[in-house]
Amino acid sequence: VAIVTLLTDFGEADTYVGQMKGAILVISPSATLVDLTHAVPAQNVRAGAFLLWTAVDVFPPGSIHLAVVDPGVGSARRAIAGKCARGDLFVGPDNGLLAPALDRLGGPTALVEVSNSKFWRPRASKTFHGRDVFGPVAAHLAEGTELDELGPSLSDLQRPFTICPPRATGAAFQGEIIHEDRFGTLITNLPGDLLPGDFALTVKGRRIVGGRQTHFASVAEGALVGLIGSAGLIEIALRNGSAAAALGATIGERVSAEPL
Amino acid sequence: VAIVTLLTDFGEADTYVGQMKGAILVISPSATLVDLTHAVPAQNVRAGAFLLWTAVDVFPPGSIHLAVVDPGVGSARRAIAGKCARGDLFVGPDNGLLAPALDRLGGPTALVEVSNSKFWRPRASKTFHGRDVFGPVAAHLAEGTELDELGPSLSDLQRPFTICPPRATGAAFQGEIIHEDRFGTLITNLPGDLLPGDFALTVKGRRIVGGRQTHFASVAEGALVGLIGSAGLIEIALRNGSAAAALGATIGERVSAEPL
Amino acid sequence: VAIVTLLTDFGEADTYVGQMKGAILVISPSATLVDLTHAVPAQNVRAGAFLLWTAVDVFPPGSIHLAVVDPGVGSARRAIAGKCARGDLFVGPDNGLLAPALDRLGGPTALVEVSNSKFWRPRASKTFHGRDVFGPVAAHLAEGTELDELGPSLSDLQRPFTICPPRATGAAFQGEIIHEDRFGTLITNLPGDLLPGDFALTVKGRRIVGGRQTHFASVAEGALVGLIGSAGLIEIALRNGSAAAALGATIGERVSAEPL
């Protein structure tokens, strides 16, 4: 049984996600569909790329990851599918959404443009390729269609941004906040393995300490703490509260980190 | 394996949807449950009917569509199930919620009142027929129970409104906005096939052009555009933004359309 | 096929729920995953315990209930699993979240601390035991692992609160509002079977009548009504509107109830 994960900016108030699932199940009735999130901010490809990147690693090798944040739908932007070394497959628009997650799993070993309309829904719309192109293509992959049947192969995909840019080695590291989660925890683009022991962060003039063994309850109620979060990145949290609210900080805020 | 789609106004903050799924799975453990949406505005039967109408077509023939927006729960309003020509089944309250979707699939070929409590949950509550009546009935249909076992047959169902009223032929058409989606795109009740070529829309004194080949990225960033949306209706969108916010328009606003 | 229900405070905007599902499916690919809710207010163990309590009864005996509202993640708080008489299994932190639901199904017949890391995800994080400990443990239970393989047995679990405290018998009963649902219906901690006939409620000086046969549509549009809700508790509702808004009342407000 194939697993197909779904990540979009469709929200939950319309039936767009449901329609996309219908278009998958009509082709692959036994696929296991797993929602990653549908609350990517509307048309925010970068936020979608980060969220996809956080989630793909934990799924069984060979899973199919279908992601649609697609402000260019209907235009000349390419629709693509890719495969990585451990067998996971990715389907979505070629706008930067897929590249970080593919790279997290070792980078693509094969890439195609999914231009063969035989694998699309008949009479595809101009505005809803999640239902009419990407969903059906993912379903055909779930049913065993080979990547090279879907369209011509590509040498590379668009990479307009990276999650964790390479950094100069040194005692201190400069990064920024790239995500605020539902708890108000602030996630930076600084990988935890830059700082193998305890560390101090500076954000908005505030100094916050943390370390590899730190967790939310390491500090007093209401105190700020640095920690290595579940994505492997350095995060700033507040015990039983919102670090974002306490700091007045959100995405884009600069963070510096140094070992203690 | 039967597909059961779910559409309600239960929201996601309570466990009502989960309880309804439990009541289905206890009867039909292998049913494939697919959420259409649970964010229908509370007790808004008309909005629920539109959303259901948008989604049923894409599912495999023979799917079971369970919809519950039910302000009259516990009162004398009827609980019904219906079948359409291609085999899809519908279950829900007889308050207008199901009729447009059933009609989209060709209209009912059979209708029953699901009054046989043998197919309900034991000791059905007065306030939660999603869990206690409609869910179990859908589950029994998924397990192969025939429609006529569920209760007496009905000659017709309630039709308090239609999605796209019939229109006089002519050069220009009058319609209205019937849905605003999560992107702020405004969906009208004007079918796209009224206007087979390019067209001009007028809403709140603004003129907006569009056509059958138009997509979101056909216009400059921030510009308004008319298009045929994924439901086959004429829509007003804003590239990378909200048409609703730009126009200050929402559900109920008048729209006129004429060919170019 | 095992059913695993999921209740958390992770929200739907991040991929935390999706990651937890991936961690389950990598171990138990055919488990049926059912979301109860992921909108428990952040770190609110008591609200999570109430919501879990509302939902477990309807699922088939033998279901696995995985619940994570876990402000103490990474600290010394215990991770536990329990079984009740009819075979249902529970997995989560030992902070009061599971006890009311377990007790609703007759109380635990076995309890263990899930400290055997053989059943965890390799290299468990300090901050995300939903993905790294509880999810994998639930998945192993779904695959047939016995409770006593997971770690040492426990004599009891934490019970910091109860949903419906025992009450003195008498003509009138004092309770409070413990939940406000998405419709603005106010749920009290007064079990409906305290008052077998019609009753009068007093909240914020307002007198509201109701009874065992009452439903939302028993009263005029916009009127307040008391009823026995789907969880078996006394509730205050407003026909086609929000009782919470009409009364200016929410969680914690005192309610008294007496027979009519």
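Below, chains carry the letters A, B, ... as their sequence lines are ordered, and counting in each starts from 1. What you are looking at is a predicted structure, and each value in this text was computed from that prediction instead of being measured.
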- Where does L51(B) contact chain A at under 4.5 Å (heavy atoms): side chain, backbone, both or neither? both
Under 3.5 Å, which donor-acceptor pairs link chain B and chain A? Put them in a table for me, please.
unit_1	atom_1	unit_2	atom_2	d
T37(B)	OG1	E12(A)	O	2.6
T54(B)	OG1	T15(A)	OG1	2.7
H179(B)	NE2	D14(A)	OD1	2.5
D181(B)	OD2	Y16(A)	OH	2.6
R182(B)	N	D14(A)	OD2	2.9
R182(B)	NH1	D9(A)	O	2.6
R182(B)	NH1	V40(A)	O	3.0
H215(B)	NE2	G74(A)	O	3.1
S230(B)	O	R131(A)	NH1	2.9
S230(B)	O	R131(A)	NH2	3.1

- Message: To check you understand the geometry: which heavy-atom pair defines the closest contact between A39(B) and A13(A), and what is its length?
- Response: CB-CA, 3.8 Å
- Message: Taking side chain as everything from C-beta outward and backbone as N, CA, C, O, which of these in P122(A) sits under 4.5 Å from a heavy atom of chain B? Side chain, backbone, both or neither.
- Response: neither
- So what's closer than 4.5 Å to chain A heavy atoms on I228(B): side chain, backbone, both or neither? backbone
- Message: If you define the side chain from C-beta out and look only at heavy atoms, does anything of V34(B) sit under 4.5 Å from L25(A)?
- Response: yes
- Mind ranking G11(A), G22(A), A76(A) by heavy-atom pairs under 4.5 Å with chain B and telling me who comes out on top? G22(A)
- What part of L36(B) gets closer than 4.5 Å to chain A, counting heavy atoms only: side chain, backbone, both or neither? both
- Message: Counting only non-hydrogen atoms closer than 4.5 Å, does L33(B) touch chain A with its backbone (N, CA, C, O), its side chain (CB onward), both, or neither?
- Response: neither
- Message: Less than 4.5 Å to any heavy atom of chain B: does that hold for the side chain of V17(A), its backbone, both, or neither?
- Response: neither
